[in-house]
Amino acid sequence: MLRHKVIALYKELLHLGREYPAGPSFFRARLHAAFAANAHLRDEAEIHRAIQKAEYVKREIEAL
Amino acid sequence: MFRSAVVRSLRTSLPRAVRTPAPFQIRSSAAVRPSQFAARLAFPAVRCYSAPAGLAKDEVEGRIVNLLKNFDKVNDASAITGSSHFSNDLGLDSLDTVEVVMAIEEEFSIEIPDKEADAIHSVNQAVEYILSQPDAH
């Protein structure tokens with residue numbers, strides 16, 4: 001369930017990143033690194049925290 | 001000037017043109033029509049515009065392989081075949097797979113639901129999924 005949520009977030013962020021000023025490939029590399037860095041998380045609370053952070057980043061990008 | 005000349009010439013020529021061949025036309029059309037209908041019904045390959053395009057398996061596979069070749073995270077482009085597994089053969093992680101599936105969605109202008117997208121791990125599975133979708137292009 002959480003996995004799907006994370007993947008959906010990843011997709012949304014990828015879509016948003018297409019208009020990123022530094023270029024979509026730059027954005028994609030950074031996004032991939034950020035998600036991969038949290039790939040080891042197994043504790044649900046920690047994953048929720050990471051999802052919250054991603055949501056925050058998403059809002060920041062939308063406001064850009 | 002020109003228009004009025006055309007109208008005038010039509011007006012003078014039309015009654016004559018219509019009157020003389022009229023009986024002949026009726027006779028001939030009655031004779032010709034049945035065969036015309038038969039010809040049209042016998043024609044086998046009538047396809048309506050709303051019918052599915054029907055993608056060939058080779059074409060789908062070729063397009064997916066091409067798409068993977070353009071994907072910069074694939075280390076070894078020569079390793080891409082119709083049966084490659086995204087993570088085992090091409091060295092992609094799960095996030096890359098999500099990106100590949102998104103690219104496939106765009107390529108064939110369809111939307112793959114999250115659940116089915118999560119089950120696509122190889123070129124084979126992607127080809128099968130596309131072939132099972134009637135509105136893939």
Side-chain angles (χ1 to χ4, degrees), chain A, chain B residues 60 63-77 79-80 84-130 132-133 135-137:
Chain A
M1 220 50 242
L2 275 177
R3 179 187 163 83
H4 284 154
K5 207 170 172 186
V6 172
I7 289 175
L9 256 174
Y10 188 68
K11 280 188 181 180
E12 274 176 55
L13 283 163
L14 262 183
H15 277 295
L16 285 172
R18 288 184 188 173
E19 285 109 50
Y20 193 68
S25 57
F26 172 86
F27 185 90
R28 200 166 50 116
R30 298 289 293 267
L31 179 69
H32 191 280
F35 270 68
N38 282 330
H40 65 278
L41 295 185
R42 289 289 173 271
D43 181 35
E44 277 202 17
E46 274 182 64
I47 295 172
H48 274 298
R49 214 171 301 135
I51 288 174
Q52 286 304 314
K53 194 178 163 197
E55 299 267 10
Y56 172 75
V57 172
K58 196 179 99 188
R59 280 197 299 275
E60 288 288 294
I61 295 166
E62 277 168 355
L64 211 66
Chain B
V60 173
R63 276 162 74 181
I64 292 177
V65 167
N66 258 338
L67 181 152
L68 280 166
K69 276 182 186 153
N70 294 328
F71 194 65
D72 50 4
K73 292 220 183 91
V74 177
N75 334 325
D76 186 7
I80 305 167
S84 305
H85 192 279
F86 292 149
S87 59
N88 296 350
D89 301 330
L90 305 178
L92 301 176
D93 62 22
S94 61
L95 292 171
D96 294 325
T97 306
V98 170
E99 286 173 40
V100 169
V101 171
M102 275 173 74
I104 291 172
E105 282 181 336
E106 263 166 51
E107 170 75 20
F108 294 92
S109 53
I110 52 168
E111 210 162 299
I112 305 177
D114 285 351
K115 220 175 203 167
E116 271 117 274
D118 209 26
I120 296 175
H121 296 295
S122 68
V123 177
N124 255 342
Q125 286 168 332
V127 171
E128 263 165 44
Y129 183 80
I130 295 294
S132 71
Q133 291 312 105
D135 47 358
H137 292 290

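Convention: sequence-line order gives letters A, B, ...; per-chain numbering from 1.
The environment of A:E62 atom CD is dense: over 12 non-hydrogen atoms of other residues, nucleotides or ligands sit within 6.0 angstrom. A 6.0 Å sphere centred on NZ of A:K53 holds no more than 12 heavy atoms belonging to other residues, nucleotides or ligands.
Here NE2 of A:H32 is found 6.0 Å from CD of B:E99. Values are rounded to the nearest 0.5 Å.
In terms of heavy atoms, A:K11 sits closest to B:I112 at NZ-O, 4.4 Å. Closest approach of B:L95 and A:A36 over heavy atoms only: CD1-N, 3.9 Å.
Of the atoms belonging to B:D96, heavy atoms from both backbone and side chain fall under 4.5 Å from chain A. In this structure, chain B has a heavy atom under 4.5 Å from the side chain of A:Y10, while its backbone stays farther away.
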